[in-house]
Structures are given as C-alpha cells and as structure tokens.
*Asks:* 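Next up is a structure, given as structure tokens.
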Amino acid sequence: MIRCEHLTKVYNGVAAVDDLCLEIPPGEIFGLLGPNGAGKSTTILMLIGLIEPTSGACFIDGIEVAKNPIEVKHRIGYMPEDVGFYATLTAEENLEYSARLFGMDAAERRKRIPDLLSLVGLDGIEKQVGGYSKGMRQRLGLARALINDPSLIILDEPTANLDPQGVADYRRIIGETADNGTTVLVSSHILSEVNRVCTAAAILARGRLVASGTRDDLTGAATLDQEGIAIR
Ligand code: ATP
C-alpha cells in the first residue's frame with residue numbers, strides 16, 4: 001500500500017527525513033512512532049503529496065506520489081494534527097463541503113455522511129455549528145478523512161490531547177475502519193499507544209528509520225530511550 005524508497009527531505013541543509021526505506025502492506029494499522037522532530041509529519045506530507053521529496057520517492061498503491069498527486073489524493077484520507085473546520089458550517093455541512101471537493105453527487109452524499117457520522121459516534125450533532133470538544137473534533141476529523149472512501153487513511157497524532165475515554169473510543173473506531181478494509185497509518189510519539197492500536201510500526205528518530213516490524217518485534221525498541229530517544 002505504501003512504499004518509501006530512500007525518501008529524503010532536507011530543510012536548510014538538515015535532513016528532516018533521511019533516506020527512509022519502508023513498505024507497509026494493505027490492511028495494516030501501522031504506527032509511525034518517534035519523538036518530536038523525528039520527521040513523522042514531514043514523511044506524512046510527502047506521502048499525501050503536499051511537499052516534494054528532496055530525493056528518493058514514495059508510492060501509494062504503486063503510484064509515485066510526486067508525479068501523480070491528484071490520482072493519489074483520491075486514494076488517501078488525511079487528518080492533520082491540528083484538525084480544523086469551517087466555524088460557520090454545521091458538522092454535516094463540513095463533511096458535505098469535503099464530499100463536494102471529491103465530486104460526490106447528492107445521492108451519494110446523503111447516504112455517506114450519516115453513515116460516517118454514525119461510524120464515529122456523532123449521531124445527533126449533524127446540525128451543530130462549532131462548539132465541538134477535542135474528542136468530537138477528532139471524530140469529525142476522522143469522518144472527514146473517510147469521506148471519499150479511501151483505501152488508506154493517514155492520521156497525524158490523532159489521540160494527542162484526548163482523555164482516556166476519547167483514546168479508547170478512537171482505538172475502537174480505527175479498528176472498525178481497518179476491519180472495513182482501509183489501511184491505516186497513524187503517527188504518535190507514545191510507544192504504548194502504538195502498541196495498543198497498531199499491528200506493526202516503524203520508529204523514526206532524527207529523520208532516520210531506527211526500527212520497524214510487528215508489535216512483538218518492537219517491544220525491545222523501548223530500550224531506545226537509553227540512546228536519548230524520548231519515546232514514552
Ligand atoms: P512533531 O511531533 O513535533 O510534529 P515530527 O516527528 O512530526 O514532530 P517534523 O514536524 O516532521 O517532526 O519535523 C522534523 C524536523 O524537520 C524538525 O527538526 C523540524 O524543525 C524540521 N522541519 C519541519 N518542517 C520544516 C520546514 N517547513 N522548514 C524547516 N524545517 C522544518
């Protein structure tokens with residue numbers, strides 16, 4: 001589903017992502033783990049085609065992102081770390097807006113939007129304008145990431161700032177999303193978090209891949225703390 005070949009992004013002479021080689025098969029709930037500044041967001045921005053690699057390449061479903069950004073956009077749902085909505089629109093209208101951007105017709109929108117709001121546990125807030133709690137924002141952000149029925153969703157730190165109940169709910173929703181056949185890439189700086197939700201993960205530090213593998217393979221990676229990599 002995702003392949004990175006020597007993916008590198010350099011800012012001002014410093015590599016934010018450094019020679020990253022990674023393969024993520026379809027159906028995985030894959031964690032991208034690393035401390036602040038490890039290069040997780042930069043990797044994600046290259047995967048969704050928002051920034052171009054300095055060198056190397058990344059592929060979604062075998063399609064090179066930098067050369068086919070529009071085609072790739074239709075296969076990916078993305079939720080940024082700071083999820084934002086149009087403050088004067090209802091929850092439903094926010095999703096409607098995104099659906100229209102993907103060219104979804106009215107009949108499709110009428111079916112898909114209530115289904116998604118229900119999946120993320122937001123039945124009843126269709127008409128609410130703003131005033132969403134952090135948990136509601138994350139749920140609505142996930143619904144929006146799924147609007148185009150993508151084969152891959154990429155979530156940047158989706159559980160940051162959620163309370164334990166919000167985290168538990170989020171885990172359940174991500175699990176259900178994967179059960180429906182969507183591959184999930186989720187970034188986090190909390191090892192235990194990734195351990196609980198992901199089937200496999202990669203650890204980044206200072207832009208480089210430190211380790212990757214299944215949950216069991218990575219259990220020993222917590223010892224990386226001793227090398228100064230602040231994974232909690
Ligand atoms: P965080 O969890 O704090 O968001 P991260 O793992 O997502 O961390 P990135 O945001 O990818 O890390 O940042 C990796 C490095 O690249 C950092 O040192 C950051 O300062 C640098 N960086 C990211 N974007 C830019 C930019 N637009 N210009 C210059 N440097 C950047």
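All residue numbers refer to positions in the sequence shown, counting from 1. Both ligands and their constituent atoms are indexed starting at 1 by order of listing.
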*Asks:* Considering the heavy atoms of Pro35, write down every atom of ligand 1 situated less than 4.0 Å from one of them.
*Replies:*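 Under 4.0 Å from Pro35, ligand 1 has these atoms: 6 (O).
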
*Asks:* Using a 6.0 Å distance limit plus a 45 degree cone around the ring axis, check whether Lys73 lies over the aromatic ring of Tyr78.
*Replies:*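 Because its charged atom misses either the 6.0 Å distance or the 45° angle limit, Lys73 does not stack over Tyr78.
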
*Asks:* For Ala38, take its heavy atoms, then give the atoms of ligand 1 lying under 4.0 Å from any of them.
*Replies:*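 Listed by number with element, the hits are 5 (P), 6 (O), 12 (O).
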
*Asks:* Step by step, work out the salt bridge (charged side-chain N to carboxylate O under 4.0 Å, His left out) result for Asp18 and Lys9.
*Replies:* CA-CA 7 Å; Asp18 193 358; Lys9 182 69 184 180; over 6 Å; no

*Asks:* Answer yes or no: is there an ion pair linking Asp115 with Lys111, defined by an N-O contact shorter than 4.0 Å?
*Replies:*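 Yes, Asp115 and Lys111 are salt-bridged.
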
*Asks:* Is Gly37 close to ligand 1, meaning an N/O of one under 3.5 Å from an N/O of the other?
*Replies:*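 Yes, Gly37 has an N/O under 3.5 Å of an N/O on ligand 1.
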
*Asks:* Could you check atom 25 (C) of ligand 1 against the protein and tell me its nearest heavy-atom contact, residue, atom and distance included?
*Replies:*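 Here the nearest protein heavy atom works out to Tyr11 CE1, 3.3 Å.
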
*Asks:* Between Thr42, Ile44, Asn36, flag the one that comes closest to atom 9 (P) of ligand 1 by a heavy atom.
*Replies:*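 Considering heavy atoms of Thr42, Ile44, Asn36, the nearest to atom 9 (P) of ligand 1 sits in Thr42.
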
*Asks:* Report, in ascending order of atom number, the atoms of ligand 1 lying under 4.0 Å from any heavy atom of Ala16.
*Replies:*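 Those qualifying, in numeric order: 14 (C), 15 (C), 16 (O).
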
*Asks:* Please work out, at 4.0 Å between heavy atoms, whether the side chain, the backbone, both, or neither of Glu157 comes within that distance of ligand 1.
*Replies:*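 Side chain only.
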
*Asks:* At what distance, to the nearest 0.5 angstrom, does CD of Glu96 lie from CE of Met104?
*Replies:*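 Between Glu96 CD and Met104 CE, I get 10.0 Å after rounding to 0.5 Å.
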
*Asks:* Which distance, rounded to the nearest 0.5 Å, do you find between the CZ of Arg172 and the CG of Asp179?
*Replies:*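 It is 11.5 Å, given to the nearest 0.5 Å.
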
*Asks:* If the contact criterion is a heavy-atom separation under 4.0 Å, does Gly39 count as touching ligand 1?
*Replies:*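 Yes.
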
*Asks:* Could you list the atoms of ligand 1 found under 4.0 angstrom from a heavy atom of Ser41?
*Replies:*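 Numbered from 1, ligand 1 contributes 4 (O), 5 (P), 7 (O), 10 (O), 11 (O).
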
*Asks:* Salt bridge or not between Glu5 and Arg3? Use side-chain N to carboxylate O under 4.0 Å.
*Replies:*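 Looking at Glu5 and Arg3, the cut-off is met.
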
*Asks:* Do His6 and Ser55 come within less than 4.5 Å of each other through their side chains, counting heavy atoms only?
*Replies:*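 In short, these two side chains do not touch, never coming nearer than 4.5 Å.
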
*Asks:* Determine, counting only non-hydrogen atoms of the protein, whether one lies under 4.0 angstrom from atom 19 (C) of ligand 1.
*Replies:*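 Protein heavy atoms within 4.0 Å of atom 19 (C) of ligand 1 - there are none.
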
